[in-house]
Structures are given as structure tokens and as C-alpha cells.
Amino acid sequence: MDGRRTTVRDMRRSNRSVILTSIYRQGPLSRYELGRETSLSAASVSNLVGELLEEGIVEEAGSVESDGGRPRVLLRVAPTFGYVVGAEVGETRVRVELFDLAMSVLATVVYPIETPKPAPELAVKYVLQGLDAVIAQAGVPVERVLGLGVAVAGVVEGPADAVVHAQTLGWDGVPLGAMLAAGTQIPIQVDNGANTLGQAEMWFGAGRGATDAVVALVGSGVGAALVTGGTSYRGTRSSAGEWGHTTIMYGGRRCRCGAEGCLEAYVGADGVLDRYRLAGGPAARSDDDEAEFIALLGAVGSSEVAAKVVEDTIGYLGAGFANLVNLVNPERIVLGGWSGLLLGERYLPELREAVGKHALHRPYEQVTIELCELGRDAVALGAATLPVLRLLREGGSTKRLAAG
């Protein structure tokens with residue numbers, strides 16, 4: 001009997017999750033549209049929507065005319081039912097943002113990082129400090145914050161316990177999840193930054209509507225989120241997507257990870273600027289990689305050295321994309337990250353042409369290459385979707401969310 005009750009309870013939670021996810025991802029929707037989207041009966045949809053309305057997770061959002069009947073009431077997830085926080089632990093800064101459930105930014109803080117390899121304790125300090133700051137800045141009750149998502153570089157094992165292996169930062173088996181949880185009662189989830197960017201773009205940006213896609217993060221480091229059949233592909237222990245550390249040249253440049261010939265050593269911002277200096281560009285290095293990268297792009301018209309470095313960077317990145325085209329056959333590749341966007345905004349046609357030179361003809365014909373629509377700060381937004389996804393999977397049960 002207990003087994004049957006558990007099965008019924010689990011089925012109900014699963015149906016709530018299906019309803020809530022459809023409303024969140026595709027809403028506003030009417031009850032009629034929900035029935036079509038979810039294949040649930042009209043009675044089930046009505047009962048479950050009634051529960052969600054009563055609990056305040058879902059609210060009415062106007063109405064639309066129907067064919068010959070009464071107007072259909074539209075439903076959406078209530079933006080102020082709860083709040084989520086996203087943090088990006090980058091190599092030059094920690095960015096923390098608080099959002100409502102419509103993913104509108106309500107508060108932001110940024111903490112610069114002066115060292116290229118910050119200690120885990122410094123990252124934890126800034127994330128927790130930022131968490132308190134954005135909650136205070138937005139003026140929301142702490143008990144209404146559903147969770148904190150944190151995006152980091154490297155391999156993340158276990159999104160809740162979150163042990164991080166990031167060779168480029170010098171982090172080896174850092175128990176980041178436990179370190180963060182020790183400083184707050186708010187539920188913590190940690191993931192790789194490319195994965196969080198990918199989730200944000202798939203939900204709200206250039207990846208919408210695609211079921212097989214790659215979202216590439218090109219900044220100081222390089223990574224990718226792989227989506228197959230509408231689901232993130234993570235591999236055996238969540239290290240899939242370390243595209244930046246695939247070998248593009250045998251015996252090539254030394255990468256920050258210690259290996260030779262990694263794609264990151266050629267298209268990551270540090271690698272590009274280093275190649276520029278070695279080729280005869282400005283010898284002095286500043287503390288502002290972005291300003292240097294913009295200056296490099298600006299010098300293309302007047303400097304043969306700059307033009308050659310940028311041309312080669314497009315070629316290397318095109319070859320890297322072609323490897324993805326040949327290997328995973330995506331329908332869409334989305335380029336994001338701060339230096340990726342700076343390059344793509346100027347040279348997207350040339351990049352597409354470079355991919356075509358290296359990819360097999362048929363899969364190349366089947367892929368589109370687009371720019372990230374959510375901007376360079378989408379990693380923190382993506383991190384904030386981690387507690388949202390958890391809420392949706394639990395069917396809106398904040399009790400279970402907190403216990404997770």
C-alpha cells in the first residue's frame with residue numbers, strides 16, 4: 001500500500017513538474033494549450049493548475065479569444081513567488097546577481113580579482129559577500145530566495161556537493177559546494193560556466209528551439225556546453241564540454257592547463273594576446289585583457305601583425321568549430337563569452353567560412369552559427385537558472401527544494 005501511495009505521489013509531482021515547466025518555458029499558456037503541450041487530460045490540467053494558483057506559484061496573465069467560446073485565461077509563473085541568485089566566479093572578477101522568476105535583474109555586485117589564480121577561499125568570500133549584498137540591495141526577504149547558483153571554470157563533480165577541479169586556476173579537488181554551504185542556509189548549486197551559459201542561451205537566447213546544439217564560451221578560457229536531444233550532455237563524471245582543451249596542434253603552444261596545442265592556447269584571450277606580443281605587437285602587458293583585445297581588433301586596418309593574428313584566430317576557432325560539427329553534428333552553434341563576442345560581432349561571416357573549410361560538407365550544411373543573444377554577462381544569469389530548474393523539476397515544491 002505504501003508503495004502504491006509513493007507511486008501516486010511521485011506521479012503527481014511529475015505531472016506538476018511537466019505543467020510548471022511548460023508554463024515557465026513556453027508561457028503564458030492557457031489551460032487548453034497546456035493540455036496539448038503536455039498530453040495530460042483536461043481534468044488533470046485543471047486540478048494541477050488549481051493547486052499551483054492556490055500556492056501562488058502560478059498566476060493569471062490576461063486572456064486570449066477562443067474559437068467561438070469564452071476567452072481563454074493565460075497562465076504564467078508568478079515572477080515574485082521567489083527569487084534566485086546567480087554568481088560567476090571568473091578569472092578577473094566575481095559577479096553576483098539577484099533575479100525574480102521572470103529572470104529580471106533586481107540587484108548586481110561585482111568584485112574585481114587581482115590575481116590570475118585566486119584562492120578558493122577568496123572566491124567563496126566574494127560569492128557569500130555578494131549574496132548578502134544583492135539580497136539587501138533588492139530588499140527581498142532572505143526566506144524568499146530559492147537558491148544560489150554558482151558558475152566556475154573547470155570540472156564540477158556533483159552540483160550540490162560540488163568538488164571542483166580547475167587546472168587553470170590551480171584548484172584540485174576543491175570542495176567548493178561545502179565551503180559555500182558553510183556560510184549560508186540558502187541552497188547551493190555549482191556548475192561549469194560554459195554549462196550555465198549554455199542553459200541560459202537554450203532557455204532564453206539563441207539556442208531556443210534547438211534540440212542538438214553547442215554553446216561555446218570563449219573568454220580568457222574556452223569551453224562548451226553540449227546539448228543533445230534537448231538534454232545537456234555531461235559525460236561519465238561531468239567533464240564533457242572541455243572543448244578548449246582538445247588538441248588543435250600537435251606539439252603546439254603550451255596551454256595554461258599544462259598540455260601542448262590546446263585550442264584555448266590559440267583562441268582564448270590570453271593566448272591570442274600572447275601571440276600578438278610574440279609577433280611584434282605591444283610588448284607591455286596591462287591588467288586589462290579586454291582593453292588589449294579591443295585594441296588588437298582596432299589595429300587590424302593599420303597593422304599587418306594585428307591583421308595576421310586576428311586572421312589566424314578566426315582560422316583556429318573555425319577549425320575548432322569544425323571539429324564539433326564533424327563530431328557531434330549540431331543543428332546550431334552559439335558563440336558567447338566576452339572575447340568570442342568581440343570577435344564574432346566583427347567577423348562572423350569569416351568565421352562561418354573558416355568552419356566550412358574544415359568541416360565535412362553535409363554536416364556543415366546542416367548547422368547554423370549564431371552569436372549569444374544574452375550578452376557577455378549571461379554566465380551569472382545561467383547560474384541563476386540552476387535553482388529555477390530545480391524548482392521546476394520538483395513541481396514547485398519549495399520544501400523539497402530547500403531539502404534537496
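Only this structure's heavy atoms are used, side chains among them; waters, hydrogens and symmetry mates stay out.
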Run the side chain to side chain donor-acceptor pair (under 3.5 Å) test against [X] and tell me which residues pass, sequence neighbours left out.
X	result
Glu370	none
Asp132	none
Thr313	Arg275

Identify, with sequence neighbours excluded, every residue that meets ring pair (Phe, Tyr, Trp, His ring centres under 6.0 Å) alongside [X].
X	result
Tyr347	none
Phe293	Trp338
Tyr364	none

- request: Please say whether the positively charged group of Arg72, taken as NZ for Lys or CZ for Arg, lies over the ring of Tyr32, i.e. under 6.0 angstrom from the six-membered ring centre and within 45 degrees of the axis.
  value: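 Yes, a cation-pi geometry.
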Which donor-acceptor pairs under 3.5 Å do the side chains of residues 112-124 make with protein atoms, sequence neighbours left out?
from   : atom 1 : to     : atom 2 : distance (Å)
Thr115 : OG1    : Lys117 : N      : 3.3

Donor-acceptor contacts under 3.5 Å from residues 210-217 side chains, at least two apart:
from   : atom 1 : to     : atom 2 : distance (Å)
Thr211 : OG1    : Glu331 : OE2    : 3.1
Asp212 : OD1    : Thr228 : OG1    : 3.3
Asp212 : OD1    : Gly229 : N      : 3.1

Please tabulate, for the side chains in residues 90-102, all donor-acceptor contacts under 3.5 angstrom to protein atoms that are two or more places apart in sequence or on a different chain.
from   : atom 1 : to     : atom 2 : distance (Å)
Glu91  : OE1    : Arg256 : NH1    : 2.6
Glu91  : OE2    : Arg256 : NH1    : 3.2
Glu91  : OE2    : Arg256 : NH2    : 3.0
Arg93  : NH2    : Asp377 : OD1    : 2.8
Arg95  : NE     : Glu97  : OE2    : 3.4
Arg95  : NH2    : Glu97  : OE2    : 3.2
Arg95  : NH2    : Asp377 : OD2    : 3.4
Glu97  : OE2    : Thr108 : OG1    : 3.2
Asp100 : OD1    : Ala102 : N      : 2.9
Asp100 : OD1    : Met103 : N      : 3.2
Asp100 : OD1    : Ser104 : N      : 3.0

Enclosure of Arg25 CZ (heavy-atom neighbours >12, cutoff 6.0 Å):
yes
Let me have the donor-acceptor pairs involving side chains of residues 41-57, under 3.5 Å, with sequence neighbours excluded, atom names and distances please.
from  : atom 1 : to    : atom 2 : distance (Å)
Ser41 : OG     : Ser44 : N      : 3.1
Ser41 : OG     : Ser44 : OG     : 3.0
Asn47 : ND2    : Ala43 : O      : 3.3
Glu51 : OE1    : Arg16 : NH1    : 2.8
Glu51 : OE2    : Arg12 : NE     : 3.0
Glu51 : OE2    : Arg12 : NH2    : 2.3
Glu55 : OE1    : Arg16 : NH2    : 2.8
Glu55 : OE2    : Arg16 : NH1    : 3.1

Hits for salt bridge (charged side-chain N to carboxylate O under 4.0 Å, His left out) against Glu60, two or more places apart or cross-chain, chain-then-number order -> none
Residues in salt bridge (charged side-chain N to carboxylate O under 4.0 Å, His left out) contact with Arg332, at least two apart in sequence or another chain:
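If we apply the salt bridge (charged side-chain N to carboxylate O under 4.0 Å, His left out) test to Arg332, skipping adjacent residues, there are no hits.
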